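Fair warning: this is a prediction, and the values are worked out from it, not measured in the lab.
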Amino acid sequence: WGDQDPELVLQSESTLDRATAKAKETFDQFLNVSLNIAVTGKTGSGKSSFVNVILGLSDVDERAAPTGVTETTKEPTMYVHPTMPNVKIWDLPGIGSPNFKANKYLKEVKFKTYDFFIILNSERFMQNDIMLAKEIRKQRKHFYFVRSKIDIDISSEQRKKRLNEQNVLDTIREDCQNNLKEMGDSKVFLISSVALGKYDFEILENTLLEELPFHKRSALLQAWPVCSAACLKKKIKLFKSLIWAASLASAGVAAAPVPGVSVVCDAVIVLLFLSRCYYAFGLDDRSLERLSKKVAMPLQGYRAKSKFADAIQKKAITTIEVSASLVTLAAIKDMLSLLPGVGSAVAAGLSFASTQYILREGLNELANTAQEIRRVAGLDTI
């Protein structure tokens with residue numbers, strides 16, 4: 001290395017520094033960007049059940065938002081997502097009062113806290129819903145009309161009139177849009193909190209992803225429940241697009257001349273990244289237990305086939321067989337990191353390659369495991 005041109009060495013390390021800084025910024029944003037979702041609507045509209053769906057909790061879970069036919073929410077109540085602590089769902093008080101004042105309501109619930117509003121109703125949208133939407137629009141934030149409990153309506157209408165499902169959906173949608181005419185061309189999303197794979201739940205997700213600021217999208221996509229094969233594929237695509245950032249962040253650590261630090265930080269980065277995959281893909285105990293109960297079939301055994309999933313469950317990433325490559329490179333990287341000039345760049349290159357390799361292997365295995373579980377459970381995989 002003594003024959004290296006000092007100027008070329010400085011240029012290469014300067015380029016690496018810039019790339020690494022960008023990678024660290026991207027990876028940090030991926031891990032920590034906040035998202036605050038407000039859910040409001042008339043008493044009994046299914047607000048709390050919707051909150052629980054996004055949290056991935058059943059209504060009877062001790063951490064779930066309390067549900068009931070009477071108003072259970074007297075003031076804004078924050079629920080932290082159990083696997084994405086930077087995502088918070090806010091169950092806001094009902095807006096059914098005849099003396100409702102939208103501007104006063106928004107001030108009382110601390111309007112500026114939220115990234116967007118979900119306005120729910122299980123029947124027809126009323127004047128209070130419209131007043132609230134107009135005030136939100138005036139203050140330049142997004143809102144989304146969500147018509148809940150669609151499964152109950154369909155069952156009821158089919159018993160009475162023997163209509164097919166699509167006719168019932170069309171009638172409900174048309175009725176909602178007629179009630180919201182003064183809002184212009186506002187979309188209405190028809191959903192059921194007990195049948196996420198049906199109706200407009202995924203369309204709502206896609207709309208939110210399109211309209212959220214770019215840096216907020218990864219938070220929503222990680223927290224959103226896996227409602228379909230297409231939803232899972234979007235999550236997989238997100239994580240694949242971030243492997244470069246995690247790998248380069250690891251490279252930046254390797255280039256720091258502190259013996260032993262780089263391989264430890266590699267393991268931390270790998271664990272953070274793959275743990276996010278694990279939870280986002282619905283491979284955690286709670287998600288699999290709910291799915292097993294829904295399809296009346298034990299599914300945890302399929303997760304156990306994955307060495308990555310098993311290691312993440314035990315929070316022991318070093319037990320993954322393929323990660324032995326990190327350990328065997330540890331002494332080399334630490335030695336190279338202490339060498340001047342080119343030594344640091346070479347060490348960083350080793351760290352980038354090894355971290356990128358294990359992240360790709362881990363992501364692919366976790367994705368394949370999640371997809372296999374969906375197939376075995378008989379869910380739509382198109």
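Distance CG/L299 to OG/S292: 3.5 Å, rounded to 0.5 Å. From S58, atom OG reaches atom NZ of K294 across 13.5 Å, with rounding to the nearest 0.5 Å. Distance CG/N121 to OG/S45: 6.0 Å, rounded to 0.5 Å. One distance of note links CE of M78 with CG of D91; it measures 12.5 Å at 0.5 Å rounding. Note that CG of N103 and CD1 of I136 are 12.0 Å apart. Values are rounded to the nearest 0.5 Å. Here L208 contributes atom CG and L220 contributes atom CG; the two are 5.5 Å apart, rounded to the nearest 0.5 Å.
Both tests pass for K141 against the ring of F111: distance under 6.0 Å to the centre and angle within 45° of the axis.
Ring-centre distance between F201 and W224: below the 6.0 Å cut-off. Not less than 6.0 angstrom separates the ring centroid of F281 from the ring centroid of Y278. Ring to ring, Y144 and F117 are not that close: their centroids are 6.0 angstrom or more apart.
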Could you walk me through whether K134 and E182 pass the salt bridge (Lys or Arg N to Asp or Glu O under 4.0 Å) check? CA-CA 10 Å; K134 284 182 175 180; E182 61 184 283; 2.7 Å; yes
Begin with the C-alpha distance, continue with both residues' side-chain angles, and end with the deciding distance and a verdict on side chain to side chain contact (heavy atoms under 4.5 Å, CB included) for R173 and L190. CA-CA 7 Å; R173 195 184 306 275; L190 312 183; 3.6 Å; yes
Go through it in stages, so that I can follow the logic: the residues are I312 and L366, the test is side chain to side chain contact (heavy atoms under 4.5 Å, CB included), and I'd like the CA-CA distance, side-chain angles, deciding distance and then a yes or no. CA-CA 10 Å; I312 292 165; L366 292 172; 3.9 Å; yes
Residues K234, E202; criterion salt bridge (Lys or Arg N to Asp or Glu O under 4.0 Å); working and verdict: CA-CA 11 Å; K234 285 197 287 283; E202 188 171 352; 3.3 Å; yes
Check the pair F143, F145 against ring pair (Phe, Tyr, Trp, His ring centres under 6.0 Å), reporting the backbone distance first and the verdict last. CA-CA 7 Å; F143 59 87; F145 289 115; 5.5 Å; yes
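Using modelled atom types and a 3.5 Å distance limit, the side chains of N32 and N86 yield no donor-acceptor pair. Between D59 and S49, the side chains place a donor N or O and an acceptor N or O closer than 3.5 Å (distance only, hydrogens not considered). With 3.5 Å as the limit, one finds a donor-acceptor pair spanning the side chains of D170 and Q166.
Open room surrounds CE on M126; 12 or fewer heavy atoms of other groups in view lie less than 6.0 Å from it.
Residues E372 and R375 form a side-chain contact, since some pair of their non-hydrogen atoms from C-beta on lies under 4.5 Å apart. Here the side chains of K47 and P93 are not in contact, with every heavy-atom distance at 4.5 Å or above. Two residues are said to be in side-chain contact when any heavy atoms from C-beta on lie closer than 4.5 Å; E361 and F308 meet this criterion.
Nearest heavy-atom pair across R147 and V188 is CB-CG1, 4.0 Å. The minimum heavy-atom distance linking R303 with T369 is given by the pair CA-CG2, 3.9 Å. Heavy-atom minimum distance, R276 versus L31: NH2-O, 2.8 Å. Across all their heavy atoms, C231 and V226 have their closest contact at SG-CA, 4.0 Å.
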